[in-house]
Amino acid sequence: QVQLIESGGGSVQAGGSLRLSCAASGRSFSSYGMGWFRQAPGKERESVAAISGSGRTTYYADSVKGRFTISRDNAKNTVYLQMNSVKREDTAVYYCNAGGAVDSSSNYYTGLYWGQGTQVTVSS
C-alpha cells in the first residue's frame, strides 16, 4: 500500500512558477515510476509528466514540454513537478500517481495509487 500526499498548489499569475511535491509512504519508492496528472473542470484527467524509478527516463505531455520538469528524490520518497511559464490553461487539480512504469520509449503506464489532488489556478 502506498499513500501519497501532494502539496505546493495555489494561485499564480500567468508566466510565473510553481513547484508541486508528492510525498510517498511505504518502502521500495525507487522501484516504481511516478506520474503527475491533471483534471480541469469539465475535462477528463490527462497525464502531464512521469518519471521512472531511477529518474533516468521521463515523459512529458506535448502541452507542457519545455515548461514543466519532473524530478524525484528517492532518499526523501518525493517526486516534484516544477512548473515554469505557466498559462491559464494549466489551471486544474493536479494528482500524483504511483506504482507505474516508464518504458524506454517514455510511455507511462499508470500505477494504482493516487493522491488527493492539489489545486493550481493560473490567472492572467
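We count residues from 1, following the sequence as given.
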Show, in sequence, the C-alpha distance, side-chain angles and deciding distance for Thr58 and Ser106, and conclude whether the side-chain contact (heavy atoms from CB on, under 4.5 Å) test is met. CA-CA 6 Å; Thr58 55; Ser106 293; 5.7 Å; no

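To the nearest 0.5 Å, the span separating CE on Met34 from CG on Asn74 amounts to 9.5 Å. Interatomic distance, Arg72 CZ to Asn77 CG, rounded to the nearest 0.5 Å: 8.5 Å. How far OG of Ser47 is from OH of Tyr109: 12.5 Å, rounded to the nearest 0.5 Å. Distance check, rounded to the nearest 0.5 Å: OG of Ser63 to NZ of Lys87 gives 8.5 Å. From Glu6, atom CD reaches atom CG of Leu81 across 11.0 Å, with rounding to the nearest 0.5 Å.
Applying the disulfide (SG to SG under 2.5 Å) definition to pairs two or more places apart or across chains, those involving residues 7-113 are Cys22-Cys96. Sorted by first then second residue, the ring pair (Phe, Tyr, Trp, His ring centres under 6.0 Å) pairs that include residues 55-103, not counting sequence neighbours, number zero. Sequence neighbours left out, the pairs with a member in residues 15-42 that pass ring pair (Phe, Tyr, Trp, His ring centres under 6.0 Å) are Phe29-Tyr32, Phe37-Trp114.
Remark: side-chain polar atoms of Ser54 are paired, donor with acceptor, to backbone N or O of Arg56 under 3.5 angstrom. Under a 3.5 Å cut-off, the side chain of Ser85 and the backbone N or O of Arg67 do not form any donor-acceptor pair.
Here Lys65 pairs with Asp62 in a salt bridge; the nearest charged N to carboxylate O distance falls below 4.0 Å.
When all heavy atoms of Leu4 and Ala24 are compared, the pair lying nearest together is CD2-CB, 3.6 Å. Listed here is the closest heavy atom pair of Ser25 and Val2: O-CG1, 3.8 Å.
Applying the side-chain hydrogen bond (donor to acceptor under 3.5 Å, both in side chains) criterion to Glu46, with sequence neighbours excluded, gives Arg38.
When the side chains of ILVMFWY residues are joined at heavy-atom separations under 4.5 Å, either directly or via intervening members, Tyr113 and Tyr108 end up in two distinct hydrophobic clusters.
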Enumerate, atom names and distances included, each donor-acceptor pair closer than 3.5 Å involving a side-chain atom of residues 12-20, sequence neighbours excluded.
| residue | atom | partner | partner atom | Å |
| --- | --- | --- | --- | --- |
| Ser17 | OG | Asn84 | OD1 | 2.9 |

Donor-acceptor contacts, no H, no angles, side chain residues 117-124, under 3.5 Å, sequence neighbours left out:
| residue | atom | partner | partner atom | Å |
| --- | --- | --- | --- | --- |
| Thr118 | OG1 | Gly9 | N | 3.3 |
| Gln119 | NE2 | Ala92 | O | 3.4 |
| Gln119 | NE2 | Thr121 | OG1 | 3.3 |

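Atom CD of Glu44 has 12 or fewer neighbouring heavy atoms from other residues, nucleotides or ligands inside a 6.0 Å radius.
For the pair Val79 and Ile70, the minimum side-chain heavy-atom distance is below 4.5 Å.
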